[in-house]
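Below: one structure, written as structure tokens.
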Number of protein chains: 2
Amino acid sequence: MAIDRKQLIIEAATKSFSLFGFKATTMDQVAKIANVGKGTIYTFFKNKEELFDEIISSLISEMKKAADEAMDSSLSFHEKVHRGLYQILEFRLKHQLTIKLFQEEKEMGTPAVMEVMIKLEDAILGYLKEKIVAAIEKGEIQECNPEVTAFIMLKLYVALIFDWEKRNEPLEKEEIAKLFEQYIFKGLSNR
Amino acid sequence: MAIDRKQLIIEAATKSFSLFGFKATTMDQVAKIANVGKGTIYTFFKNKEELFDEIISSLISEMKKAADEAMDSSLSFHEKVHRGLYQILEFRLKHQLTIKLFQEEKEMGTPAVMEVMIKLEDAILGYLKEKIVAAIEKGEIQECNPEVTAFIMLKLYVALIFDWEKRNEPLEKEEIAKLFEQYIFKGLSNR
DNA sequence: TAATTGACTAAATGAGTAATTCGGTCATTT
DNA sequence: AAATGACCGAATTACTCATTTAGTCAATTA
């Protein structure tokens, strides 16, 4: 069988997006890295954005897989959410592509990138929401609005992992888990 | 007594910063609005940034005053924090200057504005921290790290008031209070 | 003849630069 | 002594034009 040109293109584009970002990646460059004529790219993808989208979709799948693997059905809901969310946010910190895109979103506000970041956040929120709905059904947690709860959990994590670090010493993974438990799962009150 | 030129300048600058932002406000413009020679501004303020700073300092005082007034010593800690924080964040939504600066920070990243926004956040966090320390001493809430707790409370509020609205129907004041109570003060857990 | 290619085009970009604007000063005026 | 605005160098902006880029399509290849 001949070489899988589509796969070559995806790999080349992923490499280039990770290295230079979306805007600074040219289709000529992708074609060259993939050892493929530029026209060939357009037989598989309608345009640059669609190529980008396909790459992001696999990224989202990878994230879900990583989160699922970090969970263990024997764990409490609280531990599950903590490990899953932490895994997803670690992903952001470790994978070149997500780092580059995060930076490009902030610094240049490239529209295609902004769009894709919203998609990414939606995927995380949807994933979380599923877990929350299941936990309510199983009676593991109180009745609550799953949408708002997913939103609060994600924001709290992002704040603790990314925002806190901007002005303070980073928090340890265990500290974050403890804070998460203390606030979301126990509450501060004395009564 | 002759007209208070310093006050005129402050008022003119506040108006212009509110209307056009920091960067787009020129000292000539401020002088013209204040009906004052440009040189006069420099007898009261070292430079444009110092003028800006003085305006922000009064803004912070105003915020503190508004928050204090919204609290009532007969209220529970939870109600106090909710009302105080809500007041402060309402302030942001209602006052032209804070709206403009918030926008300028995001869209243009003007250095002087970024600096001032950090100062503003620090003021809010410091204020919150004080209230938390007092509440721990009085036994109204559990032992906790006041810095982190203030940070979490502010982030949660900002998320619920500003970020949630970006993609969903705004939450009512009462809903926010309820969510705040449910998560920070009671916790989600069933155990 | 179906898949692949790269020269080509119109549109977008950005480097270079000329012109303008701005923050801050200070000699003059009030 | 206080206030002013013309003035200055630095910074920003507006503009131009050469280059680059996404996407097309006629020619080529297998």
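Sequence lines set the chain letters: A, B, ... in the order given, protein chains first and strands last, and positions in each chain run from 1. This one's a predicted model, so the numbers in the text were calculated from it and none came from an experiment.
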For a quick test of reading the model, state the closest non-hydrogen atom pair linking A/G37 to A/A31 and the distance between them. C-CB, 4.1 Å
Within residues 7-35 of chain B: residues closer than 4.0 Å to DNA chain D (heavy atoms): B/K23
Name the nucleic acid region contacted by B/K48, choosing base, sugar-phosphate or nothing; use a 4.0 angstrom heavy-atom cut-off, strictly under. sugar-phosphate
Side chain to side chain contact (heavy atoms under 4.5 Å, CB included) with B/T110: of B/M117, B/E115, B/K23, only one passes, and it is B/K23
Please report, rounded to the nearest Å, how far the C1' atom of D/dG23 is from the CD1 atom of A/I41. 11 Å
Give a yes/no answer on whether the side chain of B/R5 brings an N or O atom under 4.0 Å of OP1 or OP2 in D/dA2. no
Please tell me if B/T40 has a side-chain N or O lying less than 4.0 Å from either OP1 or OP2 of D/dT4. yes
D/dA22 P sits how many Å from A/F52 CZ, rounded? 13 Å
Between C/dG24, D/dT4, C/dT5, spot the one nearest the side chain of A/V36, thanks. C/dT5
In whole angstroms, how far is the P atom of C/dG24 from the CG atom of B/N47? 5 Å
Interatomic distance, B/D4 CG vs D/dA3 C1' [rounded to whole Å]: 15 Å
From NZ of B/K6 across to C1' of D/dA2 the rounded distance in Å is 16 Å
Quick one: do B/D163 and B/K166 make a salt bridge, cutoff under 4.0 Å? yes
Verify whether the ring centers belonging to A/F52 and A/F22 lie closer than 6.0 Å. yes
Which nucleotide in the list D/dA6, C/dC8, C/dT4 gets nearest to the side chain of A/F44? C/dT4
B/T40 and B/K6: side-chain donor and acceptor closer than 3.5 Å? no
Over 60° means perpendicular and under 30° means parallel, so classify the ring planes of B/F180 and B/H82, tilted if in between. tilted
Measure from the side-chain heavy atoms of B/K38 and tell me the nearest of C/dG24, C/dT4, D/dG23. C/dG24
Name the one of B/I56, B/L101, B/I118 that satisfies side chain to side chain contact (heavy atoms under 4.5 Å, CB included) with B/V113? B/L101
